[in-house]
Amino acid sequence: MTAPPINPPETLSFKYVPRPGLLKIALLNFFLGIVTLTIYRFWAKANTRKHIWSCIHINGEPLEYTGTGGELFRGFLMVFGLFILPYIVILKGLQLSLGETHPVTTGFGLLFAFAVYFLWGFAIYKQRKYQLSRTQWRGIRGTMAGSAMVYSLAYFGSMLARLFSFGWATPVMDTVLQEQITNDMRFGDAAFKFRGRAGPLYPTYALCWFLTGAFVIGITAFISYEAITWFGSELRALFDFFNGQTGESTPTERQHYLIGIIVLFIAAGLLSFFVVIPVLWAVYSAKEIRTFANYTSFDGAQFSLNARPWSMVWLTISNILLFVFTLSIARPFIIQRNLRYLVDRLSLEGAIDISRIQQSTAAMPKRGEGLADAFDLGAW
Amino acid sequence: MAVSANYFDGQSAKDHPVTLDMNGTDLLFSGTDVSPTRWSLNGLYPLDPPSPGQPFRLTHVERPGARLILRDEAFIKTLVASSSHLKGGYSWADISHVFGWIIGGLVAVATITYICMALLPDRIAKILPNDWRNRVGRQMETAVVEGARICSTPKGDAALSTMIDNLAQGAPDMPPISVHIYDVPILNAFAVAGGNIIMTRELIEKADAPEEVAGVLAHEIGHVYHLHPEAQLVRLTGMQVLASIFTGSNGGNTTTNAALLATILTYSRSAEAEADAYARETMVKASIDPMGLKVFFEKILKIQGDMKGSSSTFKALGNLFSTHPGTEERIKEITPLPAGQVAVPALTPDEWQALKTICVR
């Protein structure tokens with residue numbers, strides 16, 4: 001008599017193993033995107049994910065992305081046909097019949113905006129569910145076991161809380177939402193667990209909040225002060241000119257020069273908003289994902305993610321530059337960099353009995369991410 | 001040449017080491033807890049194209065959830081050599097499938113665009129209820145004039161109605177119109193939805209005879225008669241709905257946005273020609289000298305060069321006649337009254353004087 005073989009628990013190691021081919025995908029995505037007036041985006045996403053997923057190795061076996069562009073396209077058609085198009089047609093009908101300033105037209109627009117905000121969390125949850133159902137490792141796929149509507153309610157509440165607390169509810173809300181979505185996550189029949197408090201996030205949050213405030217006030221004051229001290233009288237003349245008060249007169253040479261300076265200031269302002277503020281908040285992101293990883297366990301083993309502020313800041317800056325200077329062609333590489341950043345720093349402490357994990361019995365969604373596409377939820 | 005491989009059955013995450021062999025038509029594999037299995041080569045499907053140094057991952061049409069992972073380079077080479085469909089990458093079927101969808105989609109979009117842009121607007125414009133047209137027209141007028149003062153004196157208003165009545169002698173089926181003159185220093189005139197016609201102080205003051213203003217007015221009534229503003233409005237709305245397919249946005253407001261208004265009030269050449277024809281016919285039937293319109297067209301051609309910059313909607317809307325090429329041809333189309341027909345003045349000198357000074361406070 002021999003005892004049935006017992007599989008020794010395994011430790012899991014994550015590794016990103018790049019392989020060639022992403023450049024070809026990036027170029028193809030870009031050009032077909034133009035040729036098809038962006039309709040190719042669904043196939044672009046699927047191809048990019050397929051490539052990047054296959055570079056993420058867990059114990060030597062890559063992840064596999066089984067989704068297709070057709071599924072995403074049908075998801076889009078569904079949401080567009082049932083949600084977006086009726087809205088636009090009704091709105092345009094109201095604009096033509098009652099006029100744009102009629103209370104009913106305005107009310108209908110507001111109602112739709114409310115629906116969009118209300119469904120935001122729904123879209124996030126469904127997107128996650130679709131992606132998990134199309135992600136396999138060792139032939140086993142993931143799923144989300146909970147309700148998208150419950151998450152959507154929580155998400156909507158979190159948006160209000162953030163708004164009314166001037167952002168200070170963010171760490172608590174992020175933690176609550178992360179807890180909800182993580183606890184619903186399954187790989188096969190094995191569950192992820194999330195447990196932890198938002199308290200430790202607050203010192204970093206406070207730092208980023210006050211730095212952002214100081215930056216916004218500082219740059220606004222600086223630009224206004226410079227503009228007024230240097231160009232006070234011309235500015236007034238310029239405003240008069242744009243308002244048509246001076247009738248026939250053409251702007252003077254100095255005013256042309258001034259327009260140039262103003263454009264420069266606006267450019268500098270935009271640049272600082274789109275670079276400095278994301279960079280400041282990268283510090284908080286690093287803290288948050290590091291903390292959340294520590295709060296997360298899979299089948300009893302705890303995750304750990306070595307995300308540090310400086311590496312996150314560099315990732316953010318380099319991604320922005322990469323995006324801007326390649327006219328977004330490098331988008332697949334940005335996805336790759338983001339995922340690689342996580343995979344290279346992620347570890348699971350403790351061993352688990354992988355052989356025990358059975359295939360998920362949850363129904364596979366037939367279409368994917370229609371709402372997420374409509375809301376433009378992260379481009380990927 | 002049996003080699004070792006790994007098998008995932010799609011039921012559990014357990015890694016099954018197997019020994020693998022092939023004959024001419026099948027892959028055969030078995031392991032300690034995998035009973036002997038036969039996968040036909042024809043049904044094999046590669047998850048990624050084979051690439052050196054990478055494990056070759058296969059599945060089978062009959063077991064789409066199962067995964068067979070090969071690492072033996074020599075075996076992979078032999079296998080791929082024996083079944084060329086395993087080379088992977090994009091097949092012509094994949095490419096033609098995707099392009100079929102894309103081309104089909106573009107054809108559908110082009111067809112819908114044609115229907116929405118060319119076929120439907122005129123028809124929909126005809127069935128729009130009058131109170132819709134009026135409501136939208138008033139909103140457009142408010143947006144276009146940007147708060148400019150409306151010019152009105154008792155005598156001037158009377159002169160304007162007389163001019164409209166005189167024109168109506170030549171057009172018994174003239175649509176109901178409402179003409180407003182605004183105190184704007186830019187020469188322009190246009191019709192918005194609902195029969196609302198806007199003229200500027202500059203236009204009245206630059207005219208040397210009532211027939212010139214009557215000509216412009218008849219031209220704008222032509223736009224009203226043919227429902228051009230309404231058709232353009234429908235066309236732009238359709239365009240916004242179509243654009244939403246690609247951008248997901250709703251295109252914003254139509255009749256209160258200057259840039260969109262400019263698009264609405266910029267007509268095609270055929271629409272301008274229709275309005276011109278209406279003006280010529282009306283003036284001839286009313287015995288008002290059409291040469292007034294001609295003189296005014298020529299005057300505007302001259303003024304065009306001297307137009308000074310301004311950011312207002314009036315400027316954005318462009319000059320009355322400058323928006324399209326072919327102004328000279330349009331001028332040539334205008335001919336004097338037939339010989340023997342006696343011209344009736346569009347207004348008496350007193351009335352003309354009252355109209356000329358309608359904006360003087």
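Residue numbering restarts at 1 for every chain, and letters A, B, ... go by the order of the sequence lines.
A distance of 7.0 Å separates CD1 of A:I140 from CG of B:D9, quoted to the nearest 0.5 Å. To the nearest 0.5 Å, atom CG of residue A:L32 and atom CZ of residue B:F99 are 5.0 Å apart.
No part of B:R63 comes within reach of chain A, as not one of its non-hydrogen atoms sits under 4.5 angstrom from that chain. For chain A, no part of B:I103 is nearby; none of its heavy atoms comes within less than 4.5 Å. If you measure heavy-atom distances from A:P20 to chain B, you find no contacts under 4.5 Å at all. With a threshold of 4.5 angstrom between heavy atoms, A:T66 approaches chain B through side-chain atoms but not through N, CA, C or O. With a 4.5 Å cut-off on non-hydrogen atoms, B:R57 touches chain A through its side chain but not through its backbone. Residue A:Q136 touches chain B through its side chain alone, counting heavy-atom pairs closer than 4.5 Å. Within the 4.5 angstrom heavy-atom criterion, no atom of A:F112 approaches chain B. In this structure, the portion of A:R19 lying under 4.5 Å from any heavy atom of chain B is its side chain and not its backbone.
By number of non-hydrogen pairs under 4.5 angstrom with chain B, the leading residue of A:E61, A:K50, A:H102 is A:E61. Taking A:G69, A:P62, A:S54, A:G188 one by one and counting their heavy-atom pairs under 4.5 Å with chain B, the maximum is reached by A:P62.
Between A:Y65 and B:L47 there is no side-chain heavy-atom pair separated by less than 4.5 Å.
Ion pair B:R67/A:E64 flagged as a salt bridge, since at least one NZ, NE, NH1 or NH2 atom sits closer than 4.0 Å to an Asp/Glu carboxylate oxygen.
Under the 3.5 Å distance criterion, the side-chain polar atoms of A:Q359 are matched with a main-chain donor or acceptor of B:G10.
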Go through B:K14 and A:I354 one step at a time and tell me if the side chain to side chain contact (heavy atoms under 4.5 Å, CB included) criterion holds. CA-CA 6 Å; B:K14 186 171 164 51; A:I354 301 169; over 6 Å; no
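Looking at every heavy atom in both residues, A:G60 comes nearest to B:R71 through O-NH2, 4.0 Å.
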